[in-house]
Amino acid sequence: MQRPVTTLRLSPQIKVKVLNAGFQTLDDVTQVSALELSREAGLSQEEALEVLQAARKEAGADEEGAGDGASLTALDLLQKEEALTRIVTFSSRLDAALGGGLPVGKITEICGVPGVGKTQLCLQLAVDVQVPPCFGGLGGQVVFIDTEGSFVVQRAVDLAAAAVRHCTLLAEEAEQRDAAAAFTVETILSNIFTVRCHDYVELLAEIYLLPDFLSSHPKVRLVVIDSVAFPFRQHFDELRGQRTRLLNGLAQQLISMATKHDAAVVLSNQMTTRLQGDRSQLVPALGESWGHAPTLRLLLRWAGPQRQATIFKSPDCEEATVCYQITTEGFRDDDDDDDDRSERPPSKRPRTLAGQSAAC
Amino acid sequence: MSSWRQLELHPRIVSALEKAGVQSVRDALCMSGPDLQRLTSLSASDVRRLLTAAALLCRAQRPQPVLAADHSGLRLSLGCPVLDGLLRGGLPVGGVTELSGESGVGKTQLALQLCLSVQYPARHGGLDSGAVFVCTEDAFPSRRLQQLIREQRRLRADVPSHVTDGLQFGDRVYVEHAADLTSLQSCLRRRVGLLLARHLVRFVAVDSVASLFRSEFGLSDWLEKSKQLLTLSSTLHHLCHQFNSAVLCINQVTDIFGDSEEHMGPPSSTVRPALGLAWANQVTVRLMLRRLQGTASRGQENSALRRLEVVFAPHLPRAGRDAAVWKEGVRGLDGADAPLG
């Protein structure tokens, strides 16, 4: 393996020591033992072991041509993307505008003023991700990180009961009836893992430990943080210069979590006023650079007496606005729209994604 | 701020951290892995080990399934079944509730009523504890409190009289005064904190939040004002979740001009709660008490008609109940409870 040592993912001091000792390529390194390496390069035992591990991993990966960190072609990526499923929101108009629902493996941000429905949409998604696959859901579990104290069990029960009723109504074939029977309020609640974070340090700690939790709970398909803004906006003085850096680090961890563990990450964000000259404007909180972190951004707002959801950042769907409402059953389409065939009966999700129908 | 000795780390790691000047576990969590490596010259696996230990120390608790987690869902009853029905039990314990309305509509009355209802045992909707009332505007309405205490039997006909008679209501209502922001902050942190820590109270009312902010800040100070609002709300949230108690903040209202606030909610009235978006973002449950046209009568007594509305709450629909203020307190009126939409 003629790859130079400088390409290894190690700290610069270690690499310099290794190079100075005369080890130029991976081959040189893998042929010696840890003890010899530490003696010759002046590294500690630990560091020498690290160098060897990194070198062996890179060598092994290059030989196989596949594995962690190896490159994929664009075709591979396209096939992976199409196989990725989406989480429905139970608002068929919003789902249609999103191309089927919220994307798994990506970060979605929901912004809005207080009371417009961000927590309601988060709760709805936490229930929807659990809908059995033969009804068009993912049958997955969810981790709900609550930073504001807005997760109320009574409300989760309302939404869960409505989802159960919906599935029971739709069940036709035997398999669907069995799945609907197993889909109860108790099972739904037992598949939502909640944790309450009271400040930004607790949130950072929780996110740091989350990959381990996701590895031990491979059925989790959704991670919700409601809201990510609250803890970072409370301790104004403490955070002063660090906030952007902490948020960037958080975003990186969430992105890697979403892709590695095949989960959707949904964050809710607050709004703040920005002064432009003598006009003020409502913009999402947490700053400009934070806006680059989420792949998909939804803005929930009031337009007169109506609630509207606008997709204002998305790599693959157009900017669109739909009307929605919050009922006792949860996040739903706004049926009082003019151009609407609003008396549509609840219909089955069309099985449009190839390969999915085979499983059912 | 905890020191490194608390974690079971190799002495080599601890000494590297102390040499690099990383004071506390919290500081370390706020740095990335590569940054820590650079600062301490530790290896990647050492840094991983130390970050994991730090995170395990700082985390609140493990993610747990909803039913297993401690979601007590405690509520503090308002003392009236109709109003409790609007709130699905009452004020959420562990959260900050805001009550806004025009002057004279009855906000202070409702706060006083809660100071009494908290003292009942849990099976009657209370928290079996006292209340602290923080005044920032006028003098504390002690005569009205005495009247409410005398009429408790009448308001709480649902509670057996021996229970009501056995409670020494006046003894468990603590009154604090705060004339400006600094003294409010220190009063909350120290005196109210002490009362909560000693389990003497489990309900805190602040009457009112708006008055202090409106008098001390001019138009150009809004940045400073936002900071102070955040500090205040952070203190309130910290108190109510640390001591599992309920907090009620009374707020004033301002008029809505044109569509300057068209984003904040559907156009349902001509006034909105004061203190703006920065404060609204910090509130868990927002209630509003409005005056309606008309009066309610009960035999010889008359009361101007009011309406208690839910503006937003994570578990409640936007709805309201008509109410009236009598000698015994604020009571909801049965009947018309049309949702706001």
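So that the names make sense, note that chain A is the first sequence line, chain B the second, and so on, each numbered from 1.
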Considering only heavy atoms, which portion of [X] lies under 4.5 Å from any heavy atom of chain A: side chain, backbone, both, or neither?
| X | result |
| --- | --- |
| B:L42 | neither |
| B:R286 | neither |
| B:Q242 | neither |
| B:T284 | side chain |

Given a strict heavy-atom distance threshold of 4.5 Å, which part of [X] is in contact with chain B: side chain, backbone, both, or neither?
| X | value |
| --- | --- |
| A:Q154 | both |
| A:L246 | side chain |
| A:Y200 | side chain |
| A:S150 | both |
| A:D158 | side chain |

Shortest non-hydrogen contact between A:V152 and B:P314, atoms and distance: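 In terms of heavy atoms, the two residues are closest at CG2-CG, 4.1 Å.
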Listed partners of A:H261 passing ring-ring contact (aromatic ring centres under 6.0 Å, His included), at least two apart: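 Applying ring-ring contact (aromatic ring centres under 6.0 Å, His included) to A:H261 gives none.
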B:H237: what forms a ring-ring contact (aromatic ring centres under 6.0 Å, His included) with it, not counting sequence neighbours?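 Testing B:H237 for ring-ring contact (aromatic ring centres under 6.0 Å, His included), a comparison that skips the adjacent residues, returns A:F230.
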Would a 4.5 Å heavy-atom cut-off, applied to side chains only, mark B:S41 and A:Q13 as touching?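 A side-chain contact under 4.5 Å exists here.
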Can you check whether A:R196's main-chain N or O pairs, donor with acceptor, with B:Q61's side chain at less than 3.5 Å?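 Yes, B:Q61 side chain to A:R196 backbone: donor-acceptor pair under 3.5 Å.
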A:R245 side chain vs B:C30 backbone, donor-acceptor pair below 3.5 Å: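 Between the backbone of B:C30 and the side chain of A:R245 there is a qualifying donor-acceptor contact (under 3.5 Å).
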